[in-house]
Amino acid sequence: MTIKKNILMLPALVLAAVLVGQSSAHAAVDPETAFVFNTFSFLIHGALVMWMAAGFSMLEAGLVRTKNTATICLKNIALFAVSCIVFYLIGYNLMYTDVSGFIGSFSLFYDPSDAEYALLGADEATPELVAAVVSNGYSVMSDWFFQVVFVATAVSVVSGTVAERMKLWAFMLFAVVMSGFIYPIVGSWVWGGGWLSELGFTDFAGSTLVHSVGGWAALTGAILVGPRKGKYAADGSVNPIPGSNLPLATLGTFILWLGWFGFNGGSQLALGSALDAVAMSNVYVNTNVAACAGTVAAMLTSQAIFKKVDLSMSLNGALAGLVAITAGPDVSSPMIAVLVGVVGGVIAVIAVPMFDKLKIDDVVGALSVHLVSGIWGTIACGIFVTGDVVAQLIGVVAIGAFVTVTSALTWLALKSVMGIRVSEEEEFHGQDKTELAMEAYPEFGIGSGRI
Amino acid sequence: MTIKKNILMLPALVLAAVLVGQSSAHAAVDPETAFVFNTFSFLIHGALVMWMAAGFSMLEAGLVRTKNTATICLKNIALFAVSCIVFYLIGYNLMYTDVSGFIGSFSLFYDPSDAEYALLGADEATPELVAAVVSNGYSVMSDWFFQVVFVATAVSVVSGTVAERMKLWAFMLFAVVMSGFIYPIVGSWVWGGGWLSELGFTDFAGSTLVHSVGGWAALTGAILVGPRKGKYAADGSVNPIPGSNLPLATLGTFILWLGWFGFNGGSQLALGSALDAVAMSNVYVNTNVAACAGTVAAMLTSQAIFKKVDLSMSLNGALAGLVAITAGPDVSSPMIAVLVGVVGGVIAVIAVPMFDKLKIDDVVGALSVHLVSGIWGTIACGIFVTGDVVAQLIGVVAIGAFVTVTSALTWLALKSVMGIRVSEEEEFHGQDKTELAMEAYPEFGIGSGRI
Amino acid sequence: MTIKKNILMLPALVLAAVLVGQSSAHAAVDPETAFVFNTFSFLIHGALVMWMAAGFSMLEAGLVRTKNTATICLKNIALFAVSCIVFYLIGYNLMYTDVSGFIGSFSLFYDPSDAEYALLGADEATPELVAAVVSNGYSVMSDWFFQVVFVATAVSVVSGTVAERMKLWAFMLFAVVMSGFIYPIVGSWVWGGGWLSELGFTDFAGSTLVHSVGGWAALTGAILVGPRKGKYAADGSVNPIPGSNLPLATLGTFILWLGWFGFNGGSQLALGSALDAVAMSNVYVNTNVAACAGTVAAMLTSQAIFKKVDLSMSLNGALAGLVAITAGPDVSSPMIAVLVGVVGGVIAVIAVPMFDKLKIDDVVGALSVHLVSGIWGTIACGIFVTGDVVAQLIGVVAIGAFVTVTSALTWLALKSVMGIRVSEEEEFHGQDKTELAMEAYPEFGIGSGRI
């Protein structure tokens, strides 16, 4: 049972109850039809969220140097695979099963649904078997599919920030801990129905629970692994290290934008009534205009500050707009969504030098996009949707503190056991040659020996 | 109220009315279920249309030279963002609200729907609130989402043709005018219910209204900005300037092909009855075989003429097939769709030297694909669907004249105010370095100083 | 009538019949609503399967050398186009119309549906016209769309294996024969209701019928066309020829992964009841975890054997997991799906040196992924789903024998008529220059003259 689902489906259930008792205005969607709608929404939107893994891969592959490109591709597909497996093994139960307030159940192997397997395995689909399944409102397996593809998004944020010097296997083990423990535990506080949700903290699709969680883990990792060699000069100046393939980064951004309709739209968690369909439409509209607004705002901000329009900052502007609207895409006006996106887009530009001043080397700008804009979006949801900014701030701080501490402990444990950073020589030659023994572009990449 | 919707949903409404009055053969889809179907179709198909922006980006990024690749990526994501914002601010109302025959309303900020916000904001979803929303047949917000993502397609056509020499900000301002005025005004003539639709002009998903509109604006821009330096030699010979990344162009074509199922399939504008579902299936089938036929026709044509199969022409053949079928994908036989696509594919090849003879430098071949094949598709719709070729020709000419004149005025105004073409030196070094101060492929692109 | 559909929709039909006769537990989905669900599932999932063509293109474009990249892009989009056209002309009828046990009808031009055209063309959608369409359960045009996009997948497997030396036009003619005859004939044995389906052979979405069929044809082609020059040294050592663009190969894998939700999910062939929605959810879940398991297994296997994690083998691990689960994604536990995927992932790694030992040059590793893992998946379906391993083995052998013989005859006929292999000089310079007269990356590819 997930509060995320219960709360949001309540209006639909209330509506259904109301409509069943009368047949004047119109007949409501019948329960089995609603079941199919709700289930199909989870499946299609979940597939779009899975597609975001490709977006992160391409974005990060485009923003690292050629000598680390194959490694970042591997990290991205591997983290998706590992996250799903670990969330199946342990994470889902921790996040959604018997949540005590601060944590769920430690049982292994989430079992999709006895009632659904009974229906699938029966010789005859008796009305009783069907009714047992339909009474849940949606297929729990489809919901599980939707939840599992979310996990990788949080971990993907980390991979980009610590790229080009974090050891492959250390990163993979961090992905195990993050998808098995860190993400599910804070997830249980809100979407699992724990203490923060009881406090009134609200996060529609995860500005905080997904993006900032990834951001805090990335921040901790970036501090502990240190900046790339040559990024910060002794005199305090910052040496920009350009991404090697900007069309790929552009593609990655478009993929993420498309996937976000699944991320936010699917987080309506239901499609089986006119109310849900309208709410989902509102989410789509707001998600899209926030991304547009973030793009334009980042373009104008970078033109104003740097006198040039920076492509990667514009891409990050789109993403920051998307991250910002994610906590409250159900806001009741596209104008507010535009405003939320604009602020996100500005953040995507102005937060970058801030991290550079602190010598925190964020290869792809993920801290600005996912952490800072995620915080902004969470607060904006308090301002424009729930009206309870205090609860939002408590959630931001509590989740930030928990993720920072647990991430730091994990990184430090990995550091002491196996090391988290490649050697100076490996960094010089690039991870592709040293950890993978291959090159991303063997025929035209400059390859090793270049900063 | 959009005529595009009214006309096409009529059969569904008639059907519903018929079926409500009797319960013999079968029960019709109940109105709220139909509402959900219609709405979900707009959302999913709209997301696919948004995805076409990625397709144009990759297609154009693959067909320009490396020194202008980052700029074309920026133009593409920026034009999508700007188009959506401007269409929200002013374009939608001009196109769909209170259309007087030649133009809609000048009011600012399209307001998605009072009835829908009332339902979303209510403590309880009363049958009255639900009925007020359901009576519209679909969520107006989902329709708005679907309409808004169309705008960028028209503008994307322009960016490809005038690439590699059109100033970034001049292009962005043109995008504002085109998505705010030019596209919506001619749109109002047909899909807004204006004079051309009353005349019988028919364009299912936009062979003319989207693709040729983009094509006319691109043609005007290409003439006024002039060809790229070195494209046409003094002796009249044509210097081919090969695209720098053909796998990206291939990817872009596949993205567009996929997105086109949303473009054409979603333009059925309803899914809430067997009739609509069958009509949509017909559209999918015809869209796919037309693209296939265009591909094969372009391959064979280029083999016959040039004794080689040209990859970019084959890609353009697929796109030309898609553009051609877009005016009438509801044609009642895949054989006709194959024929329409074949002609489109042939056009994609043979129109290219024609424009070169006129020294109109079209970087990506968009004029052949979107303008010429769009005209063909519009006429083909008259031949095979409506039977009224004269109305189609009047529409083609009227829209072509309006777009050409207004585009030319816009380009000329921009030229006099800020200039539309980069300097010779900037063109030599490429827009990436001079306008963006970055390189698309800093580690392996040859970069500046190459034609 | 296709047995594939009949068998799988049976539970839904039984359910409907049961529910119509009583109204106690809940009202079932009404027939027209179910019709819309079933049809929309075919359309959306079919679009995702079409998208897999982009995945194969990018995967193969990333794994060949730059000098053959444009050619492999062309082959991929062209084979999709040709396959669809040929399947429309002749293949569909051979596979699904009046199947006699070993083959279907030889009639030309599959006619989508008279009843549906009658409805679309009618002035009024009478209940009789609607009922005639609805009684079929789904739009036959949507089913046709779904079936037609499958064909290209099988042919895509071939293009990757024989890349870099197979003549363009010889390959295209093979694609015609394969999509017009070889694939449909064996398809008729199972999905057309022929002798193998009567025997109890089961293949949910095509581990054998699509992937192994492609694999056998690829194997035959690879043997007959011979290895690439320089791949196998005289002393028996294997010269690895690295792929030129690994981010593209990664993207291709992600595209295929996304598309596979359409491939397997859509193969449920219905969505119009809770039972179907639950079954489809189960398919999505199992498909995803099998891919994840394959990825992780391939990573660990390559680390164990080669002491390095190979990116392309990890990508192939994901694909092998997907291929393996495709015969039985309806298995009733994610744990079994994980197991099936793990074995697939291990195969993707260990089968590669086996083929190399036999000097069978498989450019992209498709034989390991699609042929060997496809066989494994088909047997696994016998073990875990049907319980009849013997029927599965008979099917694997019979289909393997038929495809091998007919493919060999086709390749040999092509060899004698026009030759199937480019000249040594053409191979040295690359097919892009010699067959297409263009370069994939003219500004940064090393291009011709490199192994």
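Every heavy atom of this structure was used, including side-chain atoms; hydrogens, water molecules and symmetry mates were not. A note on names: the letters A, B, ... follow the listed sequences, proteins ahead of strands, and every chain is numbered from 1. Because the structure is predicted, anything quoted here is derived from the model rather than measured.
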Rounded to the nearest 0.5 Å, how far does [atom2] of [Y] lie from [atom1] of [X]?
X      : Y      : atom1 : atom2 : value
C:D432 : B:L311 : CG    : CG    : 8.5 Å
B:Q303 : C:E435 : CD    : CD    : 9.5 Å
B:M299 : C:L168 : CE    : CG    : 5.5 Å

Chain B contact via [X] - which portion, at a heavy-atom distance below 4.5 Å:
X      : result
C:L129 : neither
C:V140 : neither
C:T434 : backbone

Do the non-hydrogen side-chain atoms of [X] and [Y] ever get within less than 4.5 Å of each other?
X      : Y      : value
B:P242 : C:E439 : no
B:V29  : C:E32  : yes
C:V133 : B:L275 : no
B:I255 : C:W51  : yes
C:F40  : B:F37  : no
B:W257 : C:I77  : yes
B:C292 : C:F80  : yes
B:L251 : C:S57  : no

Closest non-hydrogen atom pair, [X] against [Y]:
X      : Y      : result
B:L271 : C:V36  : O-CG1, 3.1 Å
C:Y117 : B:S333 : OH-CA, 3.5 Å
C:A81  : B:V296 : CB-CG2, 3.9 Å
C:I85  : B:V289 : CD1-O, 4.2 Å
B:L258 : C:A47  : CD1-O, 3.4 Å
B:L246 : C:M438 : CD1-CE, 3.7 Å

Check for me whether the distance between the ring centres of B:F261 and C:F145 falls short of 6.0 Å.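 Between C:F145 and B:F261, which both carry aromatic rings, the centre distance is below 6.0 Å.
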Contact leader toward chain B among [options], where contacts are heavy-atom pairs under 4.5 Å:
options               : answer
C:L119, C:L436, C:L43 : C:L43
C:A70, C:C73, C:A122  : C:C73
C:W169, C:W144, C:F35 : C:W169

Between [X] and chain C, which part of the residue has a heavy atom less than 4.5 Å away: side chain, backbone, both or neither?
X      : answer
B:S312 : both
B:S314 : side chain
B:N288 : side chain

N/O donor to acceptor pairs below 3.5 angstrom from side-chain atoms of residues 277-286 of chain B, sequence neighbours left out:
| unit_1 | atom_1 | unit_2 | atom_2 | d |
| --- | --- | --- | --- | --- |
| B:S281 | OG | B:A277 | O | 2.8 |
| B:S281 | OG | C:S139 | OG | 3.3 |
| B:N282 | OD1 | B:N286 | ND2 | 3.2 |
| B:N282 | ND2 | B:D330 | O | 3.4 |
| B:N282 | ND2 | B:V331 | O | 3.2 |
| B:Y284 | OH | B:H45 | NE2 | 2.7 |
| B:N286 | ND2 | B:N282 | O | 3.2 |
| B:N286 | ND2 | B:P329 | O | 2.9 |
| B:N286 | ND2 | B:V331 | O | 2.8 |

Non-neighbouring partners of C:E116 that pass salt bridge (charged side-chain N to carboxylate O under 4.0 Å, His left out), sequence neighbours left out: none
Pick from B:T250, B:N245, B:V309, B:T295 with the largest number of heavy-atom pairs that fall under 4.5 Å of chain C: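 Going by pairs under 4.5 Å, I would pick B:V309.
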For B:T66 and C:E443, does a side-chain donor sit closer than 3.5 Å to a side-chain acceptor?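 Side-chain D/A pair, B:T66 to C:E443: present.
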